[in-house]
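Indexing begins at 1, ligand by ligand and atom by atom, following the structure's order.
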Amino acid sequence: GLPERVFIHEVGARDGLQNESGVVPTEAKIEFVRRLARAGLRTIEVTSFVPPKWVPQLADAAEVFAAVRADVEIAAADRRLPVLVPNERGFDRAVELGADRIAVFGSATETFARRNLNRTVAESLAMFAPVVERAGAAGIDTRGYLSMCWGDPWEGPVPLDRVVRVGKALVEMGCSQLSLGDTIGAATPGHVTALLTAFAEAGVPASRIAVHFHDSYGQALANTLAALRFGVTTVDASAGGLGGCPYAESATGNLATEDLVWMLHGLGIETGVDLGALVATSAWMADLLGRPSPSRAVQALIGK
Ligand code: HMG
Ligand code: MG
């Protein structure tokens, strides 16, 4: 069976804009989040509190997050505004500005852990542990991302048991939700089901899992459907299909939120999203970036 409702975790402002070669003006980022909120997205990942040296595109994290939090329309009662935090320094920066939802982000592979976090997998888990503990003590919810779950551009295929071991460590540390990242878009539906089965057998049920697909090979929607059939109800997506990861060379855009919403609404699954308003938002952002949105649904619906 399929769920009646799917929770969309919108990552365009973070995963999308972190990968743009041009820097989007701070005011435009804030306006982007405002438009996403107006389009009905309940969970909008805003930015990352990482060193500007690592992700210059998000150097204005504090300014963007403070403005978004202060905007009553965006920060409506049931809106969730998570931010990425790699370490205690990032946690302090985020909490000072009132963050009440954070995400740490680990890797299933050693190569990507080194490139993205300058740490081994074990060292990165050790870096996250005090963050998750302090968050828990302060009543702050922590999501755990796990990258390279279905393949790594340097290491190739990633054994299921390795992914499960690192993912389980994040859950046991206190992450309320585990977002499984197909960072390079290599997953196919059978492989999705195999990994979710391995997690379920290891005691991490689909209800604790979110899926984060990139669309490099055009598999993101098929993979999403496989995950929904398995009982997953939270899906990460990026408005207009913006995004990628600056530290994973072959990563292209995330699953476009519009493509996801078109499929879900066609299946009679509720999302709370106004597709027309979302398409208009992505068209506006595409104009700003000076290139068309890669989303098929945006291309089909634009101007309609
Ligand atoms: P490092 O260089 O080893 O850090 O980076 P460090 O602890 O040695 O500190 C170096 C300097 O940075 C120090 O300053 C720190 O104070 C400062 P200095 O003494 O030289 O003046 N510093 C900070 N400043 C601001 N905010 C902070 C912070 N931390 C230290 N939080 C580190 C280690 C983990 C910080 C770095 O590797 C990092 O931030 N990496 C993140 C890269 C990133 O954001 N990647 C993209 C997100 S992951 C992703 O997109 C995948 C995902 O979408 C899922 C999927 O698709 O797979 C989530
Ligand atoms: Mg990503």
Side-chain angles (χ1 to χ4, degrees), residues 9-20 45-62 65 82-97 99 102-109 111-121 123-131 134 142-153 158 163 166-167 170 175 177-187 195 209-216 220 223 234-239 241-257:
H9 187 106
E10 169 60 46
V11 299
R14 193 279 304 171
D15 207 351
L17 298 185
Q18 82 181 4
N19 207 40
E20 283 303 322
E45 202 167 85
V46 178
T47 187
S48 299
F49 288 91
V50 296
K53 193 181 70 186
W54 279 78
V55 185
Q57 291 86 343
L58 304 182
D60 56 2
F65 189 66
V83 292
L84 263 58
V85 154
N87 54 15
E88 288 190 90
R89 171 99 172 79
F91 180 78
D92 291 336
R93 290 175 63 205
V95 168
E96 196 183 304
L97 296 170
I102 61 164
V104 294
F105 45 104
S107 170
T109 66
T111 311
F112 188 63
R114 175 59 62 195
R115 286 180 176 251
N116 196 48
L117 297 162
N118 197 25
R119 302 281 184 279
T120 64
V121 169
E123 286 165 354
S124 40
L125 291 173
M127 174 169 73
F128 303 145
V131 172
R134 288 177 60 196
T142 306
R143 158 183 255 222
Y145 274 106
L146 187 60
S147 287
M148 304 301 175
C149 291
W150 285 280
D152 175 288
V158 184
V163 181
V166 187
L170 288 168
C175 293
Q177 186 177 64
L178 179 64
S179 175
L180 301 178
D182 182 18
T183 319
I184 58 168
L195 184 59
I209 290 177
V211 285
H212 180 105
F213 293 122
H214 287 251
D215 206 27
S216 324
N223 291 336
T234 301
V235 179
D236 299 3
S238 169
L242 293 168
C245 175
Y247 292 99
E249 283 148 29
S250 47
T252 59
N254 292 74
L255 167 61
T257 313

Original post:
Considering residues at least two apart in sequence or located in another chain, which fulfil the salt bridge (Lys or Arg N to Asp or Glu O under 4.0 Å) criterion with Glu96?
Top reply: none
**OP:** Please identify each residue that fulfils side-chain hydrogen bond (donor to acceptor under 3.5 Å, both in side chains) with Glu20, with sequence neighbours left out.
**Re:**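 Arg291.
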**OP:** Give a yes or no on whether the backbone of Gly243 and the side-chain of Asp15 come within a donor-acceptor separation of less than 3.5 Å.
**Re:**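 Not at all, since once roles are kept as given, no pair shorter than 3.5 Å links the two residues.
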Original post:
Where the Mg ion (ligand 2) is the centre, what is the NE2-to-NE2 angle for His214 and His212, rounded to 10°?
Top reply: 90°
Which ligand 1 atoms, with their elements, are less than 4.0 angstrom from a heavy-atom of [X]?
{"X": "Ser147", "answer": "51 (C), 54 (C), 55 (C), 57 (O)"}
{"X": "Arg119", "answer": "3 (O), 7 (O), 33 (C)"}
{"X": "Asp15", "answer": "50 (O), 53 (O)"}
{"X": "Arg93", "answer": "25 (C), 26 (N)"}

Original post:
Is the Mg ion (ligand 2) less than 2.8 Å from at least one N/O/S atom of Asp236?
Top reply: no
Original post:
Taking it one step at a time, do Cys149 and Leu195 satisfy side-chain contact (heavy atoms from CB on, under 4.5 Å)?
Top reply: CA-CA 8 Å; Cys149 291; Leu195 184 59; 3.9 Å; yes
Original post:
Between Arg14 and ligand 1, which residue portion shows a heavy-atom distance shorter than 4.0 Å: side chain, backbone, both, or neither?
Top reply: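 Just the side chain.
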**OP:** Give the single entry among Leu117, Val11, Asn254, Asn116 that approaches atom 40 (N) of ligand 1 most closely by any heavy atom.
**Re:** Asn116
